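Everything on this sheet refers to the single structure shown next.
No experiment lies behind these values; they were computed from the predicted model shown.
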Amino acid sequence: MTIKYTPDHEWIKIDGDIGTVGITHHAQDALGDVVFVDLPEVGKTYAHKDPAAVVESVKAAADVYMPANGEVTEVNEALRDDPSLANSDPLGAGWFFRFKLANPADLDTFMDETSYTAFAADAH
């Protein structure tokens with residue numbers, strides 16, 4: 001399993017042709033306490049950079065973008081019931097959705113953890 005990061009502060013865990021998407025520690029820190037999530041529709045196909053989900057906090061609302069072309073296969077109902085999971089465990093239980101990648105090579109250009117850590121430090 002590989003984890004990649006986007007410039008929009010999302011992470012993607014890649015397992016074969018399935019990607020699991022969530023927001024990073026940096027994103028949840030910037031947002032503050034998450035109070036609501038709007039998750040995508042299972043079975044819907046999104047293009048790269050389409051807004052697929054929305055996360056709302058006490059400070060702001062932000063889109064969660066589709067990292068690559070693909071079809072949503074599952075959403076995290078536990079996150080819908082308890083949006084604070086995006087804060088307490090953003091890289092684990094706070095995942096947003098899973099999708100089947102149309103082309104797994106689309107994620108090759110995204111950052112690894114070391115690159116993302118440097119990128120996020122510069123984003124402050």
Side-chain angles (χ1 to χ4, degrees):
M1 189 172 308
T2 304
I3 300 178
K4 297 280 194 164
Y5 298 85
T6 74
D8 297 312
H9 304 287
E10 296 147 1
W11 56 264
I12 309 101
K13 285 183 189 168
I14 306 153
D15 189 2
D17 65 352
I18 300 294
T20 302
V21 178
I23 61 172
T24 64
H25 282 286
H26 177 84
Q28 69 86 23
D29 279 346
L31 283 166
D33 293 337
V34 174
V35 295
F36 176 78
V37 294
D38 185 17
L39 300 173
E41 183 181 329
V42 173
K44 185 169 179 182
T45 299
Y46 292 87
H48 174 240
K49 294 293 277 177
D50 280 353
V54 176
V55 57
E56 293 183 15
S57 73
V58 293
K59 292 185 193 175
D63 289 326
V64 177
Y65 298 101
M66 190 67 156
N69 297 339
E71 179 185 333
V72 174
T73 59
E74 185 180 354
V75 296
N76 186 354
E77 293 296 343
L79 183 63
R80 193 186 316 265
D81 295 340
D82 183 4
S84 71
L85 290 171
N87 294 118
S88 62
D89 192 9
L91 300 178
W95 62 276
F96 279 66
F97 61 90
R98 292 193 171 109
F99 71 106
K100 182 172 176 49
L101 287 146
N103 181 6
D106 288 347
L107 302 181
D108 289 349
T109 60
F110 292 147
M111 296 172 268
D112 63 14
E113 186 172 4
T114 302
S115 299
Y116 176 75
T117 300
F119 172 82
D122 289 343
H124 284 292

- Minimal heavy-atom distance between T6 and Y116, with the atoms involved, is O-CE1, 3.9 Å
- Item | Atom pair CG/CD1 of L91 and I23 - distance to nearest 0.5 Å | 9.5 Å
- Can you tell me how far CD1 of I12 sits from CG of L107, rounded to the nearest 0.5 angstrom? 5.5 Å
- Message: Run the side chain to side chain contact (heavy atoms under 4.5 Å, CB included) test against A78 and tell me which residues pass, sequence neighbours left out.
- Response: N76, L85
- Message: Can a donor-acceptor pair be found, under 3.5 Å and without considering hydrogens, that links the side chain of K4 to the backbone of T109?
- Response: no
- Task: Quick one: pull up CD1 in I3 and CG in D15 and give me the separation to the nearest 0.5 Å.
- Result: 11.0 Å
- Task: Name all residues meeting the side chain to side chain contact (heavy atoms under 4.5 Å, CB included) criterion together with D29; count only those two or more places apart in sequence or in a different chain, and write none if there are none.
- Result: none
Compile the donor-acceptor pairs under 3.5 Å between side chains in residues 33-50 and protein atoms, sequence neighbours left out, one pair per line.
| residue | atom | partner | partner atom | Å |
| --- | --- | --- | --- | --- |
| H48 | NE2 | P67 | O | 3.4 |
| K49 | NZ | D8 | OD2 | 2.6 |
| D50 | OD2 | A47 | N | 2.9 |

Please set out all donor-acceptor pairs under 3.5 angstrom arising from side-chain atoms of residues 56-65, sequence neighbours excluded.
| residue | atom | partner | partner atom | Å |
| --- | --- | --- | --- | --- |
| S57 | OG | L31 | O | 2.5 |
| S57 | OG | K59 | N | 3.0 |
| S57 | OG | A60 | N | 3.0 |
| S57 | OG | A60 | O | 3.1 |

- Hydrophobic cluster membership, V72 vs V55, 4.5 Å side-chain cutoff: yes
- Query: Please, which pairs that meet side-chain hydrogen bond (donor to acceptor under 3.5 Å, both in side chains) have at least one residue in residues 82-93, sequence neighbours excluded?
  - Reply: Q28-N87, D82-S84
- Task: Might you work through the side-chain contact (heavy atoms from CB on, under 4.5 Å) test for H26 and F119, ending with a clear yes or no?
- Result: CA-CA 10 Å; H26 177 84; F119 172 82; over 6 Å; no
- Excluding sequence neighbours, so at least two apart, what forms salt bridge (Lys or Arg N to Asp or Glu O under 4.0 Å) with E74? R98
- Message: Tell me the closest heavy-atom pair linking A68 and M66, and the distance in Å.
- Response: O-CG, 3.0 Å
- Query: Can you tell me how far the CH2 atom of W11 sits from the CH2 atom of W95, to the nearest 0.5 Å?
  - Reply: 8.5 Å
- Task: Mind checking the CG-CZ spacing from N69 to F99? Nearest 0.5 Å is all I need.
- Result: 9.0 Å
- Message: Rounded at 0.5 Å granularity, tell me how far OG1 in T20 sits from CZ in F96.
- Response: 13.0 Å
- Task: Could you walk me through whether I14 and L101 pass the side-chain contact (heavy atoms from CB on, under 4.5 Å) test, one step at a time?
- Result: CA-CA 9 Å; I14 306 153; L101 287 146; 4.3 Å; yes
